[in-house]
Asker: 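Got a structure for you, questions after.
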Amino acid sequence: MDNAEIARILRETADLLEIKGENPFKIRAYHNGADIAGNHPHELGLLDEAGLREIPGIGKDLAARIQEIGQTGDTEFHRQLVAEFPPTILDLLHLQGVGPKTVATLYRDLGIRTLDDLERAAHDGRIRALKGMGAKKEALILKALDERKRFAGRHLLAHAHDASAALQDYLRERAPGATIEAVGSLRRGCDTCGDLDLLATGAPATLMDDFIGYPLVERVLGHGDTKSSVLVQGGFQADLRLVAPESRGAAMQYFTGSKAHNIALRDRAIGLGFKLNEYGLFRVADEGRVAGEREEDIYDALGLAWVPPELRELRGEIEAAAARTLPRLLEVSDLRGDLHMHTTETDGKDGIRTMAIAAREAGLEYIAITDHSQSLAMANGLDERRAIEHAQRIRAVDAEGLGIRLLAGVECDILPDGSLDLADDCLAALDIVVASVHSAFNQERQEMTDRVLRAIGNPHVDVLGHPTGRKLLKRQAYPIDVEAIIDAVGRAGAAIEINSQPHRLDLNDVHASLARQRQVPIVISSDSHSRNGFGFLRWGAAVARRAWLQPADVLNTRSFAEFRASLRRHRRPPS
DNA sequence: GCCGTTTTCGGCCCGACTGTTTTCAGTCG
């Protein structure tokens, strides 16, 4: 039983306790336990009680629950809670703007158990009749339902990657000689993915049976000799295709897409007297095979350089491949620093030194510790005094010579009027300031744009953090003139962030590409909230690659000295 | 449910915002 499953059961326990209206601190303890399990480096199910109780936040009860999950796969407590409510009720809780009290009321007073029940009730005007609710709440629920439908069946890149990787491991064990690889939107590094597309070459026909026998399969949608589809736990649809080795490259190309890229490629093939399909590239004249085993050969035969999957969106990559001007894309290993992370001083899970050591072990040469500022009260944000004291502690750790350099920074809130949450002299005393919006998302486009422009106008702001505030599959970006923001950041000599959190990836690929074209400096940051967060940089790097970024476009590919010198506070503003 | 203790109880990050209210409840972060 892995930590993710332990975390899931604890979180579900917390959610159900919340709907029941239990003691909020008990609920918090379970949520906290879920976080701990999800972030812990060792398998908690293997620890004994003493070992578990050494972990802060795990006491007598949680230790027992975790052991029970490790031994039996679930807890009696959790099973009892699940039995008290319809199993679909947690779907309601995950709607934006619907919390445990609302779910409890909906269930108790209207017998609402499913999203369909809820939608009917909202359409019938039955929600507004409830005490404490009105027409606006009803509209809010309908909007949340609509958003959920729009996002249904899609998954965050990181989640799709994890689910796909587990399935690939399982298949490789059963067909050691075969090549198994992920294709589709996952291979292209899209920020969200629909189906999990897998390709197997050189595999025995029995692999299809193994595939539908994967323990996490909930339903078999189709089962043939060369293609099968299943529904996997977590709401993923997974497709597996079996192809002959001589078609591997063609199949990879075909199933990686995008559709638009493929159409353009096939069009080009026709123009050259070829036919391109998932089995290979063939001459029209005599149907002779020109290429098929390797992707590179197919592109080559079409007069093109091999196109990295992240660029296959028909955004000029075919012309660039023909002209041999494709960029040398950034790799995650090019990143030498990470400029956005949190510690236990605010809402992080680990202290300064732990974060520094973990970053060093992740291969980084320098980091900036950027805890939240005071207006983010729920995160225990820093006021000026604490920010300065925290900076002293960060610099003290830096002075220890851990083999990684530390910058003392802050993630300073941009207040609704565009002023910053900390006084200028405080910001000036730090090494780096990331400024971000965390509140009042409902401002009008012009108001929001003016707000962020005003913040960028503050000379102490070095980096604009997660510039559009989007939460993938959950919340749209707030309305803002991104182009004006990018230009303002460039004029100010500041930098703009690609936040690597799987649910943010903000800037997105399109806007990051715009920043590149405007030659606005970009940083790729993890926004880590624990020592395990540095792995997220690969998702930020995926966005960067989709934006055609080269190492030189990104400030934190530079050495520590060069990076520091490139910060706005150490540059003369362009006159 | 966890924790720390002046140690077996009492405190536990809380402010902003919204929509419902007429003094506040629920949600979010």
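Here is how names work: the chains are called A, B, and so on, in the same order as the sequence lines, proteins then strands, and each is numbered from 1. All values derive from a computational prediction rather than experimental measurement.
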Asker: Looking for any heavy atom pair under 4.0 Å, which part of the strands does A135(A) touch: base, sugar-phosphate only, or nothing?
Answerer: sugar-phosphate

Asker: If you only use heavy atoms from C-beta on, which nucleotide in dC13(B), dG1(B), dT27(B) is closest to the side chain of K137(A)?
Answerer: dT27(B)

Asker: Could you tell me which nucleotide pairs with dT8(B) by Watson-Crick or G-U wobble geometry, both distances under 3.5 Å, or answer none if nothing does?
Answerer: none

Asker: Which value, in whole Å, describes the distance between the C1' atoms of nucleotides dT20(B) and dT27(B)?
Answerer: 13 Å

Asker: Could you state the CD-P distance from Q374(A) to dA16(B), rounded to the nearest angstrom?
Answerer: 11 Å

Asker: Considering only NZ, NE, NH1 and NH2 on the basic side and carboxylate oxygens on the acidic side, decide whether D371(A) and R386(A) come within less than 4.0 Å.
Answerer: no

Asker: Where the side chain of A440(A) is concerned, which of dC14(B), dG26(B), dC17(B) is the nearest nucleotide?
Answerer: dC17(B)

Asker: Strictly below 4.0 Å, N to O, side chains only: are R451(A) and D417(A) in salt-bridge contact?
Answerer: no

Asker: For P24(A), answer base if it contacts any base atom (sugar-phosphate contacts may also be present), sugar-phosphate if it contacts only those atoms, and nothing otherwise; contact means non-hydrogen atoms under 4.0 Å.
Answerer: nothing

Asker: Could you tell me how the ring of Y478(A) sits relative to the ring of F441(A): parallel (under 30°), tilted (30 to 60°) or perpendicular (over 60°)?
Answerer: parallel

Asker: Taking the C1' atom in each of dT8(B) and dC3(B), what is the distance between them to the nearest angstrom?
Answerer: 11 Å

Asker: Any side-chain N or O of K26(A) below 4.0 angstrom from OP1/OP2 of dG1(B)?
Answerer: yes

Asker: Just N and O in the side chain of T102(A): are any of them under 4.0 Å from OP1 or OP2 of dT27(B)?
Answerer: yes

Asker: When the distance from CD of E411(A) to C1' of dG29(B) is rounded to whole Å, what number comes out?
Answerer: 12 Å

Asker: For H31(A), is the NE2 atom crowded, meaning more than 12 foreign heavy atoms sit under 6.0 Å from it?
Answerer: yes

Asker: At 4.0 Å (heavy atoms only), tell me whether I58(A) reaches a base, stays on the sugar-phosphate, or touches nothing.
Answerer: sugar-phosphate

Asker: Ignoring hydrogens and angles, answer whether the base of dG1(B) and the side-chain atoms of N23(A) contain a donor-acceptor pair closer than 3.5 Å.
Answerer: yes

Asker: Would you give the length of the straight line joining atom CD1 of I19(A) to atom CD1 of I89(A), rounded to the nearest 0.5 angstrom?
Answerer: 5.0 Å

Asker: What is the distance, to the nearest angstrom, from the CG atom on L92(A) to the P atom on dT27(B)?
Answerer: 12 Å

Asker: Nearest of dG1(B), dG19(B), dG26(B) to any side-chain atom of K101(A)?
Answerer: dG26(B)

Asker: Counting side-chain heavy atoms from C-beta on, which of dT27(B), dG1(B), dG29(B) comes nearest to F441(A)?
Answerer: dG29(B)

Asker: Using heavy-atom distances to pick each residue's nearest nucleotide on DNA chain B, tell me which of I27(A) and M133(A) is more 5'.
Answerer: I27(A)

Asker: For H466(A) and dG29(B), what is the distance between atoms NE2 and C1' respectively, to the nearest whole Å?
Answerer: 11 Å

Asker: In whole Å, I'd like the distance from the CZ atom of F25(A) to the C1' atom of dG4(B).
Answerer: 16 Å

Asker: Whole Å only: how far is the CG atom of L95(A) from the C1' atom of dG26(B)?
Answerer: 15 Å

Asker: Say you pick atom C1' in dG29(B) and the same atom in dC13(B); how far apart are they, in whole Å?
Answerer: 12 Å

Asker: Quick one: sort the H529(A) and H342(A) rings into parallel, tilted or perpendicular, breaks at 30° and 60°.
Answerer: parallel

Asker: What interatomic distance, in whole Å, is found between P of dG11(B) and the corresponding atom of dT5(B)?
Answerer: 16 Å

Asker: What nucleic acid atoms does K131(A) come within less than 4.0 Å of, heavy atoms only: base, sugar-phosphate, or nothing?
Answerer: nothing

Asker: Please give the distance between the P atoms of dT21(B) and dG15(B) as a whole number of Å.
Answerer: 26 Å

Asker: Rounded to whole Å, please give me the gap between CD1 in I127(A) and P in dG26(B).
Answerer: 15 Å

Asker: To the side chain of A29(A), which of dC13(B), dC2(B), dG15(B) is closest?
Answerer: dC2(B)

Asker: Can you find a side chain N or O atom of R128(A) that sits less than 4.0 Å from OP1 or OP2 on dG19(B)?
Answerer: no

Asker: Quick one: do E400(A) and R353(A) make a salt bridge, cutoff under 4.0 Å?
Answerer: yes

Asker: Closest nucleotide of DNA chain B for R65(A) versus for G134(A): which of these residues is on the 5' side?
Answerer: R65(A)

Asker: In whole Å, what is the span from the CG atom of L10(A) to the P atom of dG1(B)?
Answerer: 11 Å

Asker: Between dG1(B), dT27(B), dC17(B), spot the one nearest the side chain of F77(A), thanks.
Answerer: dG1(B)

Asker: Which nucleotide in the list dC2(B), dT20(B), dG15(B) gets nearest to the side chain of A377(A)?
Answerer: dG15(B)

Asker: Looking only at side-chain atoms of Q96(A), point me to the closest of dG1(B), dT27(B), dC28(B).
Answerer: dC28(B)

